[in-house]
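Worth knowing before you read on, the calculation uses all heavy atoms, side chains too, and leaves out hydrogens, waters and symmetry mates. If you're wondering where the values come from, they're calculated on a predicted model, not measured in any experiment. Each chain gets a letter, A, B and so on, in the order its sequence line appears, and its residues count up from 1.
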2 protein chains.
Amino acid sequence: MSGWQPVRRTRAFEDVIARIEERIAGDGLTVGDRLPGERQLAEQLQVSRSSVREAMRVLETLGVVSSQVGRGPDAGAVLTARPAGALTDLLRLHLGLASLSLEEVIDARLMIEQWSAARAAGHGADLSALSDALERMDQATTAEDFVEHDTAFHVAIAEASGNRLIAAMMRSLRDSVRRYAIEAVERLGDTGGLMTDHHLIRQAIVSGNPSEASAAVETHLRRAYPDIFRTPVTSGPPGADDRGRGEDQARSEDRGRADG
Amino acid sequence: MSGWQPVRRTRAFEDVIARIEERIAGDGLTVGDRLPGERQLAEQLQVSRSSVREAMRVLETLGVVSSQVGRGPDAGAVLTARPAGALTDLLRLHLGLASLSLEEVIDARLMIEQWSAARAAGHGADLSALSDALERMDQATTAEDFVEHDTAFHVAIAEASGNRLIAAMMRSLRDSVRRYAIEAVERLGDTGGLMTDHHLIRQAIVSGNPSEASAAVETHLRRAYPDIFRTPVTSGPPGADDRGRGEDQARSEDRGRADG
DNA sequence: GACCACAGTATGGTCTGACCATATCGAGTC
DNA sequence: GACTCGATATGGTCAGACCATACTGTGGTC
């Protein structure tokens with residue numbers, strides 16, 4: 001076998017990324033610290049400013065830097081920690097490309113949310129965000145409003161699990177299908193069933209019952225996405241990724257049904 | 001309240017991304033299709049080539065396009081479906097920034113792998129990749145080699161679940177900690193225990209026993225990362241994300257122990 | 001006709017240098 | 001002290017050039 005890959009010569013901007021990464025690790029830079037200006041960085045690394053800028057676009061996309069124009073302490077490229085934005089863009093684009101199906105996304109969400117709810121029920125985290133979101137959902141007058149606070153509710157569950165990676169995934173899974181969620185709520189009209197589920201989920205978490213919380217989440221998502229959970233389990237095509245041009249199309253699927 | 005956000009004027013390259021995204025959705029472009037050349041795209045969208053290039057860097061980072069130089073049918077920007085690369089970079093950088101901890105990453109991996117194994121045991125997917133990987137692990141002479149096929153084994157489980165998003169997550173969770181895994185295997189020396197676990201996992205999946213598969217995965221990861229699973233559950237700080245400058249540091253943690 | 005050498009050309013990759021918009025800083029003024 | 005307004009540093013954008021790469025097509029050679 002000997003999986004030989006055509007060695008593409010490292011591009012200048014990739015080198016810049018690597019150097020910045022080294023600097024983060026080496027100098028112990030953390031969130032909030034500033035990077036040198038683009039011109040200065042270009043001179044230091046002996047590349048053009050364009051290459052530095054392309055590197056910055058990548059780092060910005062990945063949610064590790066944020067660029068501000070102007071002058072002063074807040075200007076320039078600052079290290080940040082915003083993984084969810086990247087994940088959201090990634091999911092949205094791959095959904096658009098049909099390299100991921102809505103079914104797969106919802107399925108992943110079920111996994112994450114069941115895990116989060118069970119974990120949150122296990123240790124007494126701060127759950128006031130859950131109540132707040134429920135209250136705001138009750139007062140919501142538009143579908144857009146409802147979905148916003150609904151997202152806040154479900155993200156709060158993930159945050160209560162104590163795992164920031166899981167929380168970021170939850171937020172991006174929600175945000176990437178935000179459009180469909182709003183449409184679905186508008187189509188649905190009555191959100192009473194969803195709210196009943198919400199209260200049951202919160203109750204299970206508050207009372208510290210992991211398996212009940214997990215079950216309540218499943219009930220909720222089955223109500224919200226009846227089309228997707230029609231069949232007991234999904235069985236899509238495997239392998240959707242790197243290593244050896246593993247491109248593969250995705251079967252067309254229905255985007256649909258309610259929010260959650 | 002009224003969460004006002006400073007409305008940053010859309011940058012040219014962001015507009016380019018949006019237009020390309022529209023074109024993907026509108027023209028029904030799919031994986032394998034080519035985008036116009038950078039110069040042509042710049043003229044069409046009335047921006048400079050630099051802006052087009054910055055947009056391409058973002059799309060490349062997100063794994064939806066791949067650029068080849070030269071001329072011919074394969075040259076230029078081609079739509080691809082490689083979400084795992086982006087996820088890997090994201091995790092690696094955020095780990096470096098300590099905006100995610102190794103503990104959180106391993107924890108997420110446990111969740112994903114338990115789910116995958118259970119799902120894979122549920123429906124009879126092709127499991128030959130599992131056997132292949134096990135065989136190659138047995139023949140591996142270096143830690144690097146072992147980890148490569150070990151990764152293949154665990155990714156194969158995720159792929160057998162039938163969910164490409166989950167599979168991509170699995171691959172990136174593994175790849176992002178590849179360095180630590182290799183070091184850990186070198187330190188460990190004997191991989192016999194890990195291999196025993198592997199066979200048990202495979203056996204449970206093959207015989208269609210979801211709960212046994214899930215349990216075997218947990219056993220395996222507890223062996224591989226004793227430091228992380230010392231406590232029954234993790235309870236890291238919540239909230240690691242967007243919306244309102246939610247930057248927060250991460251406590252320092254041990255990067256450690258064996259692979260899996 | 002089959003093969004090969006080579007010029008042509010379209011592609012991304014990089015660089016330079018300029019100018020703009022924005023936001024702070026700081027000297028000068030009232 | 002408060003205000004005004006130019007200086008300045010920052011990212012954002014543009015135009016135009018040149019390079020390396022890799023296919024295309026042409027024309028010659030056998």
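- Identified under the salt bridge (charged side-chain N to carboxylate O under 4.0 Å, His left out) test for residues 44-58 of chain A, with sequence neighbours left out: Glu38(A)-Arg49(A), Glu38(A)-Arg53(A), Arg53(A)-Glu54(B), Glu54(A)-Arg53(B), Glu54(A)-Arg57(B), Arg57(A)-Glu60(A), Arg57(A)-Glu54(B).
- To the nearest angstrom, C1' of dT14(C) lies 12 Å from CZ of Phe13(A).
- Considering only residues two or more places apart in sequence or on other chains, Asp15(A) meets the salt bridge (Lys or Arg N to Asp or Glu O under 4.0 Å) condition with Arg19(A).
- Scanning for salt bridge (Lys or Arg N to Asp or Glu O under 4.0 Å) contacts around Arg92(B) gives Glu21(A), Asp89(B), with sequence neighbours left out.
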Donor-acceptor contacts, no H, no angles, side chain residues 140-147 of chain B, under 3.5 Å, sequence neighbours left out:
from	atom 1	to	atom 2	distance (Å)
Thr142(B)	OG1	Asp145(B)	N	3.0

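- Distances shown here put every side-chain N or O of Ser51(A) at or beyond 4.0 Å from the OP1 or OP2 atom of dG13(C).
- Computed from coordinates, the Glu38(A) CD to dC15(C) C1' distance equals 15 Å when rounded to whole Å.
- For Arg34(A), there are no salt bridge (Lys or Arg N to Asp or Glu O under 4.0 Å) partners, not counting sequence neighbours.
- Rounded to an integer number of Å, the gap from CG of Leu35(B) to P of dG12(C) is 9 Å.
- By the salt bridge (Lys or Arg N to Asp or Glu O under 4.0 Å) test, Asp33(A) pairs with no residue at all, sequence neighbours left out.
- In terms of the side-chain contact (heavy atoms from CB on, under 4.5 Å) criterion, residue partners of Ala129(A) (sequence neighbours excluded) are, by chain and number, Ala156(A).
- With rounding to whole Å, Arg53(A) atom CZ is found 14 Å from dT10(D) atom P.
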Expected string for nucleotides 17-24 of chain C under the B/S/- scheme (protein heavy atoms, under 4.0 Å, primed atoms plus P, OP1, OP2 as sugar-phosphate) is -BB--BBB
Check against side-chain contact (heavy atoms from CB on, under 4.5 Å), Trp115(B) and Asp107(A) = CA-CA 11 Å; Trp115(B) 184 92; Asp107(A) 216 22; 3.5 Å; yes
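- Straight-line distance from the CZ atom of Arg57(A) to the P atom of dT13(D): 8 Å, rounded to whole Å.
- Whole-Å rounding puts the Glu60(A) CD to dG11(D) C1' distance at 10 Å.
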Once Watson-Crick and G-U wobble pairs under 3.5 Å are found, how is DNA chain C written in dot-bracket notation, 5' to 3', with | for any base paired to another strand?
-> ||||||||||||||||||||||||||||||
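- Taking atom CG on Leu41(A) and atom P on dG12(D), their separation rounds to 14 Å, with Å as the unit.
- Between the side chain of Glu43(A) and the backbone N or O of Gln40(A), no donor-acceptor pair lies under 3.5 Å.
- A straight line from CG of Asp15(B) to P of dG12(D) spans 15 Å, rounded to a whole angstrom.
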